[in-house]
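Note sheet for the following structure.
Every chain is numbered from 1, with letters handed out A, B, ... down the list of sequences.
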2 protein chains.
Amino acid sequence: MPDLSASARPVITRKDVARLAGVSTAVVSYVVNGGPKNVAPATQERVRQAIATLGYRPNVTARALKMGSSRILGMVVPKISSPFFASLAKAVEQAAEEEGYAMLLGDSRDSLTVERRHLSNFADRQVDGVFLCSVLNHRPEVSELEGRGIRTVLLNFSEYPLEVDAIGPEFVDSSRRAVEHLAGHGHRDIALVQGFVTGNTLDGREFGWREALKGMGASEGRIFRCSFDRAGGYDAGRRFLALAERPTAVFITSDEQAVGFLRALHEAGLRVPEDVAVMSFDGSEESEFSWPPLSTVRQPIQQMAEAGVRAIIGTGRDEPPRTQVFDCELVLRRSCGCDT
Amino acid sequence: MPDLSASARPVITRKDVARLAGVSTAVVSYVVNGGPKNVAPATQERVRQAIATLGYRPNVTARALKMGSSRILGMVVPKISSPFFASLAKAVEQAAEEEGYAMLLGDSRDSLTVERRHLSNFADRQVDGVFLCSVLNHRPEVSELEGRGIRTVLLNFSEYPLEVDAIGPEFVDSSRRAVEHLAGHGHRDIALVQGFVTGNTLDGREFGWREALKGMGASEGRIFRCSFDRAGGYDAGRRFLALAERPTAVFITSDEQAVGFLRALHEAGLRVPEDVAVMSFDGSEESEFSWPPLSTVRQPIQQMAEAGVRAIIGTGRDEPPRTQVFDCELVLRRSCGCDT
DNA sequence: CGTTTTTGTTGACTCGAGTAGATCGCGCTG
DNA sequence: CAGCGCGATCTACTCGAGTCAACAAAAACG
């Protein structure tokens with residue numbers, strides 16, 4: 001009648017290993033970590049044996065307490081179900097794992113309150129660094145984190161705040177090139193579908209679009225503001241369709257919005273790119289398989305993620321923060337008029 | 001010449017609070033945790049004051065070491081950039097956060113090796129539970145985790161392994177209903193686009209499709225096997241198009257694959273649902289904004305996530321594992337022939 | 001052969017918090 | 001007024017691992 005065999009879980013500690021190998025606990029540590037003191041080869045072997053037979057695994061929590069480092073990175077995104085942030089999270093996770101770090105993910109659901117909760121939560125959990133993708137260009141949270149000794153990297157920022165580490169795509173010039181490409185297909189009236197940007201900052205994509213229009217001597221273009229998701233793009237599409245005189249091309253600030261926009265066009269029976277040419281931003285997998293395939297500005301997600309991880313774990317506490325900007329690539333598919 | 005003001009970070013501990021409030025460290029703990037012993041109201045107030053003025057935050061790592069619980073949940077998905085898993089991760093994260101847990105995310109990139117690495121990594125980090133979305137129905141890993149005292153929940157399994165906690169949609173009957181719905185639109189020849197399932201198990205969706213065909217006295221249907229992503233669906237579509245005599249309707253095992261399949265149909269100039277009717281599985285946001293909008297079987301993601309969190313944190317160690325199956329809902333849009 | 005240096009090992013303290021067990025002081029009862 | 005009970009508080013040990021000062025034994029040097 002006794003025992004529940006399965007639940008008997010011995011929990012092997014350093015002490016057990018030391019006892020079995022006939023050495024002190026210090027030596028076990030030295031062997032496991034390869035330092036800071038030498039251990040005679042023969043002893044090392046005995047300890048290794050003991051570790052193997054007992055199946056000892058060092059307690060990461062204890063190490064974290066002693067060392068003051070959890071080897072965990074936190075990442076906060078506004079919406080993980082957005083394909084762009086999902087890809088970014090994946091890339092960050094992979095880069096972090098390669099360095100032996102795990103990644104805590106927090107979805108802030110576009111809410112500043114939730115974002116703050118996650119950040120403070122992460123700080124309490126002593127993460128070694130935080131990746132923050134925020135709609136906001138808020139300094140207060142970040143400096144609070146840094147004050148608590150947590151290196152923070154802003155990803156995908158739309159402004160250039162120089163007092164904190166920041167990594168993002170080169171918005172302005174890439175967007176200008178994208179719009180100029182549309183112009184190259186003969187379009188003169190090119191609208192912008194722009195996601196809401198919090199704060200009174202000017203989004204780089206909008207700026208690039210303006211620059212391109214100015215460069216081609218075109219008149220002021222129309223702007224459709226909407227939320228940064230498929231529903232927003234759809235909504236913008238409906239407003240676009242309601243126009244008496246419609247622009248012949250559209251530059252859209254994300255693939256997700258573009259997909260929604262396309263749906264609206266399809267519903268109305270318009271053809272892309274014949275009736276309306278479309279170019280979007282991000283370069284997610286989604287853009288490749290929509291109909292028609294979207295021409296888009298592809299962000300170098302992997303490079304940005306790797307640079308982010310490097311900025312967090314490979315940077316001394318006293319190095320000044322850096323802003324790193326990455327060039328994007330124009331991916332030309334059907335929706336702009338290429339490849340038909 | 002001294003100091004670098006910003007990097008002076010005092011690190012307040014329980015001891016500092018105790019000193020300032022003029023009490024012992026034990027009392028501080030009692031106040032912070034509301035127990036296990038009483039503290040006189042006046043003293044409580046003093047301690048609270050001290051906590052506030054010093055800005056004390058309990059060290060979660062230390063607590064985790066002492067309590068043997070990190071209040072962290074792990075989640076392993078094959079691919080976070082799949083909209084379905086992204087939504088699932090979001091729902092789990094939210095449910096976990098409401099209970100005061102954080103979520104470590106691991107992307108296994110469809111690789112069993114990476115999956116194992118994540119699981120063992122999570123185990124070392126003493127997570128309190130793991131959500132595992134695996135293409136495989138592998139027991140060994142799971143029982144190893146359980147052996148280390150980590151409650152594990154299989155999400156989105158396609159078989160019924162009763163020796164471990166499992167949560168998933170009701171695949172068979174939902175799929176049968178979906179296919180029957182297509183039949184209701186007059187289709188007799190209904191193909192299946194099926195993602196690769198590892199192991200020699202029969203996918204519930206395939207089983208439901210077979211059942212429906214049998215029920216309507218139809219002949220054997222065609223099956224297109226492909227990977228579980230947009231590219232796979234596209235590839236299946238190409239093979240579908242190459243057929244001399246094409247089925248008039250298709251049931252596809254995920255929205256992602258359906259999007260790729262649609263692209264292939266569009267490329268060939270086929271109309272949906274007039275030439276080919278399509279019904280898919282999952283119910284992600286993506287399905288709503290594709291063209292045409294996809295009729296799909298919506299999984300109750302939020303309920304499943306909540307049930308999963310409950311299974312992990314609200315379950316005693318010795319309770320037997322349960323398999324929980326959740327009903328899905330048919331979402332009828334344009335692609336099947338409804339709503340035109 | 002005696003002394004210095006090197007090498008290997010250990011005991012003991014530390015990180016920050018939870019909590020059992022001992023202690024203190026106060027009020028009530030007989 | 002002694003004795004008891006009880007609530008409030010403190011002391012001290014614990015979780016598991018990192019690492020330094022101290023020490024012993026062996027190697028190198030004169």
Side-chain angles (χ1 to χ4, degrees), chain A residues 9-48 50-51 54-72 100 123-128 148-149, chain B residues 9-48 50-51 54-72 100 123-128 148-149:
Chain A
R9 184 170 35 98
V11 191
I12 314 295
T13 78
R14 194 175 58 160
K15 220 164 164 179
D16 304 310
V17 177
R19 179 159 33 233
L20 178 59
V23 297
S24 77
T25 59
V27 174
V28 179
S29 270
Y30 296 151
V31 172
V32 170
N33 306 328
K37 301 232 171 133
N38 282 352
V39 175
T43 320
Q44 271 193 43
E45 192 42 37
R46 257 186 308 143
V47 173
R48 290 243 161 65
I51 290 180
L54 292 177
Y56 165 72
R57 321 236 32 178
N59 182 321
V60 182
T61 310
R63 169 179 299 183
L65 172 59
K66 190 78 230 275
M67 309 303 282
S69 151
S70 55
R71 293 187 79 81
I72 292 183
D124 287 348
R125 289 174 188 279
Q126 317 226 113
V127 299
D128 293 347
R148 291 225 241 157
Chain B
R9 180 172 35 99
V11 192
I12 312 294
T13 76
R14 195 175 57 161
K15 218 160 161 181
D16 304 311
V17 177
R19 180 160 31 237
L20 178 58
V23 297
S24 77
T25 60
V27 174
V28 178
S29 272
Y30 298 151
V31 171
V32 170
N33 306 328
K37 302 225 174 142
N38 282 351
V39 175
T43 319
Q44 274 193 41
E45 193 41 38
R46 257 187 308 142
V47 173
R48 290 243 161 65
I51 290 181
L54 292 177
Y56 164 72
R57 322 238 28 179
N59 181 321
V60 181
T61 310
R63 169 180 300 185
L65 173 59
K66 190 81 231 275
M67 309 303 280
S69 152
S70 55
R71 293 186 81 80
I72 292 184
D124 287 348
R125 289 175 189 279
Q126 318 226 112
V127 300
D128 293 347
R148 291 225 240 157

Which atom pair, heavy atoms only, marks the closest approach of Ile12(A) to Tyr56(A)? O-CD1, 3.6 Å

Between P of dT9(D) and CD of Glu45(B), the distance in whole Å: 13 Å

Using the side-chain contact (heavy atoms from CB on, under 4.5 Å) criterion, which residues pair with Arg46(A)? Sequence neighbours excluded. Val23(A), Thr43(A)

Could you give all pairs that pass the salt bridge (charged side-chain N to carboxylate O under 4.0 Å, His left out) test and reach residues 21-43 of chain A, with sequence neighbours left out? none

Results of salt bridge (charged side-chain N to carboxylate O under 4.0 Å, His left out) for Arg57(B) - residues two or more places apart only: Asp124(A)

Donor-acceptor pair under 3.5 Å, Lys37(B) side chain vs dG21(C) base: yes

Those residues at least two apart in sequence (or on a different chain) that pass side-chain contact (heavy atoms from CB on, under 4.5 Å) with Leu20(B) are Ala50(B), Thr53(B), Leu54(B)

Base, sugar-phosphate or nothing for Val27(B)? Non-hydrogen atoms, less than 4.0 Å. sugar-phosphate

Just grab all the side-chain hydrogen bond (donor to acceptor under 3.5 Å, both in side chains) pairs involving residues 21-34 of chain A, residues at least two apart or on different chains. Arg14(A)-Ser29(A), Asn33(A)-Arg63(A)

Hey, where does DNA chain D pair up into stems, meaning at least three consecutive Watson-Crick or G-U pairs with distances under 3.5 Å? C:1-30 with D:1-30

Any donor and acceptor pair, going by atom type alone, linking the side chain of Gln126(B) with main-chain N or O of Ser70(B) inside 3.5 Å? no

Treat primed atoms plus P, OP1 and OP2 as sugar-phosphate and everything else as base, then score nucleotides 11-18 of chain C 5' to 3': B for base contact with protein heavy atoms under 4.0 Å, S for sugar-phosphate contact only, - for none. B--BBBBB

For Thr61(B), which contact category applies under a 4.0 Å heavy-atom criterion: base, sugar-phosphate, or nothing? nothing

Quick check for you: to the nearest 0.5 Å, what is the distance between Thr13(B) atom OG1 and Asn59(B) atom CG? 9.5 Å

